[in-house]
Amino acid sequence: MSRHAQEATQLSRGPSRGHPVMILFLTLLIAGIALVAIGAAVDGVLYVSSVGVLLLIADLLYLAARSVWRSPRRPAR
């Protein structure tokens, strides 16, 4: 297959999908914000707001752990 045919094949596939873990992170972040907003707006559903807050905390902890895992480890001198 020629180089031009390979490029055309890659272009026809459309934009690449994002990393599945990042998509999950963003989905959970949006869901947590939505749950907090719904729990604050509707009277008597404080548990929905608390679930949203717990979801946001878990999401932020995952983000912090991921940034620690991805940081380059340099030996001490």
So if you build clusters from Ile, Leu, Val, Met, Phe, Trp, Tyr with side-chain heavy-atom gaps below 4.5 Å, do [X] and [Y] land together?
| X | Y | answer |
| --- | --- | --- |
| Val45 | Leu35 | yes |
| Leu29 | Leu61 | yes |
| Ile57 | Ile33 | yes |
| Val51 | Leu54 | no |
| Val53 | Ile30 | no |

Can you check whether Ala64's main-chain N or O pairs, donor with acceptor, with Ser67's side chain at less than 3.5 Å? yes
Spacing of CG belonging to Leu26 relative to CG belonging to Asp59, to within rounding of 0.5 Å: 8.0 Å
Drop me the distance from Leu63's CG to Met22's CE, to the nearest 0.5 angstrom. 7.0 Å
Evaluate the criterion side chain to side chain contact (heavy atoms under 4.5 Å, CB included) for residue pair Val48 and Val42; output intermediate values, then yes/no. CA-CA 9 Å; Val48 174; Val42 178; over 6 Å; no
Minimum heavy-atom distance between Gly32 and Leu55, given as atom pair plus value: N-CD2, 3.6 Å
